[in-house]
Number of protein chains: 2
Amino acid sequence: MPPKPAAPSSGRITLREVARALGVSVATVSNAYNRPDQLSAALREQVLETARTLGYGGPDPLARSLRRGRTGVIGVVYDAPLEYAFADPAAAQFLGSVAQALQDASYNLLLLASPADTQADPLLPVQSASVDGLIVYSAAQNSDLLRAVLSRNLPTVLVDQDQHAQAAGVGIDDAGGATLAAQHLLGLGHTHIGVLCLELGLRQGGGRVTHERERQIVYHPTAERLRGYREAVAAGTPAHAQLFLTEAGRNTIADGEACALELLQAEPQTTALLCMSDVLAHGALRAAHTLGWAVPQRLSIIGYDDAPGSADLNLTTVWQPTSEKGRRVGQAMLALLGGEAQVDVRLPTRLIVRGSTAARPATPAQHL
Amino acid sequence: MPPKPAAPSSGRITLREVARALGVSVATVSNAYNRPDQLSAALREQVLETARTLGYGGPDPLARSLRRGRTGVIGVVYDAPLEYAFADPAAAQFLGSVAQALQDASYNLLLLASPADTQADPLLPVQSASVDGLIVYSAAQNSDLLRAVLSRNLPTVLVDQDQHAQAAGVGIDDAGGATLAAQHLLGLGHTHIGVLCLELGLRQGGGRVTHERERQIVYHPTAERLRGYREAVAAGTPAHAQLFLTEAGRNTIADGEACALELLQAEPQTTALLCMSDVLAHGALRAAHTLGWAVPQRLSIIGYDDAPGSADLNLTTVWQPTSEKGRRVGQAMLALLGGEAQVDVRLPTRLIVRGSTAARPATPAQHL
DNA sequence: CTGTTAGCGCGTTCAC
DNA sequence: GTGAACGCGCTAACAG
């Protein structure tokens, strides 16, 4: 019989010690916490009382999870420093509604992001997180990150991404919304249209988009939105309308501003801007202000997302059901956890016309 | 010798099975993952290879955590539906910078909030989360939630709260900032000043603040900011200046708007508004717009936080170092985890004057 | 460099 | 209603 050295007073009290202190079996103590109906109310009270005086705070969550094979945690994978995730009101709104949906089913959200620290393995968090499921918010197609996620063989929901055989998907009609935006501008007579793109590829981009770079797009929303813009222009009325593409390094107001400034100075004939997010559009508004270009008289600006706050900026934009998307993601995850089959949901988008767009000015380039 | 029924093909592959398949010991496999220097590179490659063909995805995170006594997760407790946490840009910014700071040390953030579901125990998430530390973002003093957090006896950081003997604290000079804001208005000659308060007490409040309710304040920032306002008025120059208090149900733009409308209609002599957050101030701006009151000519508005985006609203506000606060919280947590003693940090606040405040109009109440 | 052993703290059979 | 044993999957310590 092996000895029982069982750390006697090593700070942490265990269920076993409570059992011994009261002279009952461990099962009884366990039942006191997990199945009140399995023992008399009086005994249960005694157990809890002893636990209290001993300073035992209840079953260790970790051991319980290991035993039960369930953690009650869902991981959310974001393919960029979390600081940017939270800087985008639309992303924040999305996360909030996912959290809400899962929380109602007693799941909590674990934020997983690659360490900015270059020497650490960026896949580690995803590989070593104790979760019951994974939600991927913004990952490049065919990336190591995505592979790492899928290789965990957990219930997985992919958001705003290409459909995948091994995971549920929730997304929006990215291209359709983009087409509406471009058509709106074409209908207003614009022909020199700048495009502020979200990140296209993995290596940090930025600035004028070359043909080669455009072929490397790995982010679904970026690819689809651009396709939507292109399709509208290809089929649109002012046959000579053209798109001028720039890529913002990251989805921040500052980068949107810098990017817009660069574009507008390089192409002063530009009379309208298609922005792939409201955050970028916000930056564009600042840029216009800096340059002294009146919006919408001199420059029309369209965003994407209809983020909270965009109404107050009076920004014309493509609306997407951000909160519902989050809710659907939560539901999809719960369905997977419940053993149901995967689904793939595409939600609609709409154009919201506000005050940042107007007809193309008669003499566009006269500011030069 | 007990039998070894060890689930043979129950879907999940274990480290032990990999060891057996290759004919090595479990320790060797474990070492292949955790201490590459403890075995030959060749053997290690063999192990990983076998694992790959067997479909073994590496050590189970849960078991590893149990064994190591460390999860790599820090819980963030928020005392309200997470949806509101994310709706406030300042809160989002704060969370982002906490996440960033911890992530650099390979910790991830677990979002903990009470289930909105009324039948579930709101303390359960906090009690049963597998975490190495807890950060409390917005909890009522002396609340069950706070008690539940502290009773876990984990490294704990309290944000924007009264100092506590058992936890580190990070906060700002709430009262000082509020005083600056009120002094600014007094200096501009305002005497009828409305106050849009954040939540005061536990039971849902809202509307005119009674004396009794004011005595029940349980939220540190609310209490301190109000104290700051009061002190400025008590010591300020227009001796007859008065404060009119209203409480917003929650910290949302919509509630701020409703609250401001109610206040302004009840007290039309009001020429200035002190708002306890930029979110509420944002609502106030909308209310002014609705009423047709020009800002700042007819009504001055001051916010609190200097949230991202407030500059574009041209809002005069009290700035706080939100990102640095997050970073400090992360550092404080890391220090606690490293065994260092608790610290208590108070960060400064400043007044940022923009365009939403101006001198009191000569004929204030003439709109009636 | 490799193998053996002993738990981490708990939940769950069983038999009583 | 209760108690004893086993093992969830892994890693640290030690023995070889």
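Chain identifiers are assigned alphabetically (A, B, ...) following the order of the sequence lines, protein sequences preceding nucleic acid strands; residue numbering begins at 1 within each chain.
Results of the side-chain contact (heavy atoms from CB on, under 4.5 Å) test with A:Val131 over A:Val77, A:Leu110, A:Val126 single out A:Leu110 as the only residue that passes. Considering A:Val159, A:Val98, A:Leu112 in turn, A:Val159 is the only one that fulfils the side-chain contact (heavy atoms from CB on, under 4.5 Å) rule with A:Tyr137.
Residue A:Arg16 places none of its side-chain N or O atoms closer than 4.0 Å to OP1 or OP2 of C:dG9. Checking the phosphate oxygens (OP1, OP2) of D:dC10, no side-chain nitrogen or oxygen of B:Ser30 falls inside 4.0 Å. In terms of phosphate contacts, B:Ser40 brings no side-chain nitrogen or oxygen within less than 4.0 Å of OP1 or OP2 of C:dC1.
Using a 4.0 Å heavy-atom criterion, one finds that B:Arg67 contacts the bases of the nucleic acid, with or without backbone contacts as well. Heavy atoms of B:Tyr56 sit under 4.0 angstrom from primed sugar atoms or phosphate atoms, though from no base atom. Contact annotation for B:Arg35: backbone-only contact, meaning every heavy-atom pair under 4.0 Å involves sugar-phosphate atoms and none involves a base. Using a 4.0 Å heavy-atom cutoff across all strands shown, B:Leu39 reaches sugar-phosphate atoms only and no base atom.
For A:Phe94 and B:Phe86, the gap between ring centers reaches or exceeds 6.0 Å.
Between B:Asp60 atom CG and D:dT11 atom P the separation is 9 Å, expressed in whole Å. Regarding B:Arg20, its CZ atom lies at a distance of 13 Å from the C1' atom of D:dG9, rounded to whole Å. A straight line from CG of A:Leu15 to P of C:dG11 spans 7 Å, rounded to a whole angstrom. To the nearest angstrom, P of C:dG11 lies 14 Å from CD of A:Gln38. Summarising the geometry, the separation between CZ on B:Arg70 and P on C:dG9 is reported as 17 Å, rounded to the nearest angstrom. Between the CZ atom of A:Arg68 and the P atom of C:dT13 there is a distance of 13 Å, given to the nearest Å. Whole-Å rounding puts the A:Leu62 CG to C:dG11 P distance at 12 Å. The CG-P distance, from A:Leu66 to D:dC10, rounds to 9 Å in whole Å.
Across all non-hydrogen atoms, the minimal contact from B:Leu336 to B:Pro155 is CB-CB, 3.8 Å.
Looking only at side-chain heavy atoms (C-beta outward), A:Gln161 and A:Leu146 come within less than 4.5 Å of each other.
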I'd like a table of atom pairs between the protein and nucleotides 3-5 of chain C - only N or O on both sides, under 3.5 Å - with the distance next to each one.
from	atom 1	to	atom 2	distance (Å)
C:dG3	OP2	B:Ser25	N	3.1
C:dG3	OP2	B:Thr28	OG1	2.7

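Here the nucleotide nearest the side chain of B:Pro59, chosen from D:dT11, C:dC10, D:dG9, is D:dT11.
B:Gln93 and B:Ser323 form a side-chain donor-acceptor contact under 3.5 Å, judged by distance and modelled atom types alone.
Of the possible polar contacts, none joining the B:Asn31 side chain to the B:Gln38 backbone as a donor-acceptor pair under 3.5 Å is found.
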